[in-house]
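Numbered from 1 within each chain, the chains take letters A, B, ... in sequence-line order. These values consider heavy atoms only, across backbone and side chains, with no hydrogens, waters or symmetry-generated copies. Because the structure is a prediction, the values reported are computed rather than measured.
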Amino acid sequence: MPELPEVETTCRGIAPFVVGKTVRKVTVRRHDLRLPIPRNFPQLLTGKRCLGLERRAKYLLLRFAHGHVLGHLGMSGSLRVVSEQEPWRKHEHFALGLAHKRELRYHDPRRFGLWIWTTEPPEHHTLLRKLGPEPLQDHFTAEAFYQGTRKRTRSLKEHLMDPHVVVGVGNIYAAESLFLAGLRPGRRASALTRHGSQVLVQQVKEVLAAAIQQGGTTLRDFAGADGTPGYFAQHLWVYDRAGKPCRRCGTAIRQKVLGQRSSYYCPSCQK
DNA sequence: ATCGCCTCCTGCGCGC
DNA sequence: TGCGCGCAGGAGGCGA
């Protein structure tokens, strides 16, 4: 299940097979994702050349001359490039036929993902309009993050995971960056200090950059476009380690639910 | 505006 | 082995 590094890994992995390539064929087996795949997807895309592929937050944008495909992998979505001969797996919902008898296949057991068409500039689309800054860009600053936490009563972790505050920080990387910043996930956001924000923002950037470099995190079923897993999981400090000894001090890692999501922290290393 | 809870869906691992 | 349960990497939508 993808967070920003997994989406970025996917984006980079499929780009060579997609960008500049003409869509030969569109096959949709199931339309009923979080939002329905448009019925006219095949007519819209067949014979059209993909002019660009980019990631915004955890969304993927395929640019065509007449509009954009806007995709999101949800909790369990993944894309891979396969030979068109390859038998369809369970939960593969659509395929874009590409050059050299290859196909881009979308797999999503839980169907929380979405693939839609938009003719507006994608940044104006309802789903993208209100998103916060990209964490790896310079305008995601400690000062801006600090200001956003003022008077916020929810937990620091929920705040960090809010895509309107900053995009791409999901449950794993929120836990990891809070650990590395030495901050407890359950503290009120408003209790963050300027210095705390400085450290946290720096750690968010470092953790995400490192995860991208490692090809993302594979917990259960994430794999890059060629099916290879990511290697970040072996570096996790706290995520999914409840009861296990802290890798830094040996204290048992604690688990606590915040905003309906499991949160993990070291009660000794994080204040 | 903000918060906190609910929801969508399927699969997996656990305890009995 | 089989069942029921809780939980899973996201995020929009709701009522308060």
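- Protein atom CG of A:Leu160 is 15 Å distant from nucleotide atom C1' of C:dA11, rounded to whole Å.
- Here, C:dA11 and B:dG11 have their P atoms 22 Å apart, quoted to the whole Å.
- Contact annotation: A:Lys151 does not reach the phosphate of B:dT2 (side-chain N/O to OP1 or OP2, under 4.0 Å).
- Between A:Arg194 and A:Glu143 a salt bridge is recorded (basic side-chain N to carboxylate O distance below 4.0 Å).
- Applying the side-chain hydrogen bond (donor to acceptor under 3.5 Å, both in side chains) criterion to A:Glu206, with sequence neighbours excluded, gives A:Gln202.
- Counted within 6.0 Å of CZ on A:Arg49, heavy atoms from surrounding residues, nucleotides or ligands total 12 or fewer; the atom is thus considered open.
- For A:Asn171 and C:dA11, the CG to C1' distance is 13 Å, given to the nearest whole Å.
- In this structure, A:His195 places its NE2 atom where only 12 or fewer heavy-atom neighbours from other residues, nucleotides or ligands lie under 6.0 Å away.
- Annotation for A:His66: atom NE2 counts as buried by contact number, over 12 foreign heavy atoms lying within 6.0 Å.
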Just by protein heavy atoms under 4.0 Å, how would nucleotides 4-11 of chain B read 5' to 3' in B, S and -?
SB--BBBS

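- With rounding to whole Å, A:Met161 atom CE is found 14 Å from C:dG12 atom C1'.
- Of the charged side-chain nitrogens involved, none lies within less than 4.0 Å of a carboxylate oxygen, so that A:Glu86 and A:Arg102 do not count as a salt-bridged pair.
- Rounded to an integer number of Å, the gap from CG of A:Leu114 to P of C:dG13 is 12 Å.
- Rounding to whole angstrom units, CZ of residue A:Arg241 and C1' of C:dC7 are separated by 19 Å.
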For DNA chain B, what dot-bracket results from Watson-Crick or G-U pairs at under 3.5 Å, with [ ] for crossers and | for inter-strand partners?
.|||||||.|||||||

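- Straight-line distance from the CG atom of A:Asp108 to the P atom of C:dG10: 13 Å, rounded to whole Å.
- Rounded to an integer number of Å, the gap from A:His159 NE2 to B:dC3 C1' is 13 Å.
- The listed nucleotides are C:dA8, C:dG10, B:dC3; the one nearest the side chain of A:Tyr264 is C:dA8.
- Put simply, CD on A:Glu123 and NE2 on A:His125 are 12.0 Å apart, with the number rounded to the nearest 0.5 Å.
- Nearest to the side chain of A:Arg152, among C:dG10, C:dG12, B:dT2, sits B:dT2.
- Between A:Glu134 and A:Arg55 a salt bridge is recorded (basic side-chain N to carboxylate O distance below 4.0 Å).
- Ring geometry for A:Trp237 against A:Phe179 counts as parallel: the plane angle stays under 30°, on a 0 to 90° scale with 60° as the upper cut.
- Rounded to whole angstrom, the span from the CE atom of A:Met75 across to the P atom of C:dC7 amounts to 13 Å.
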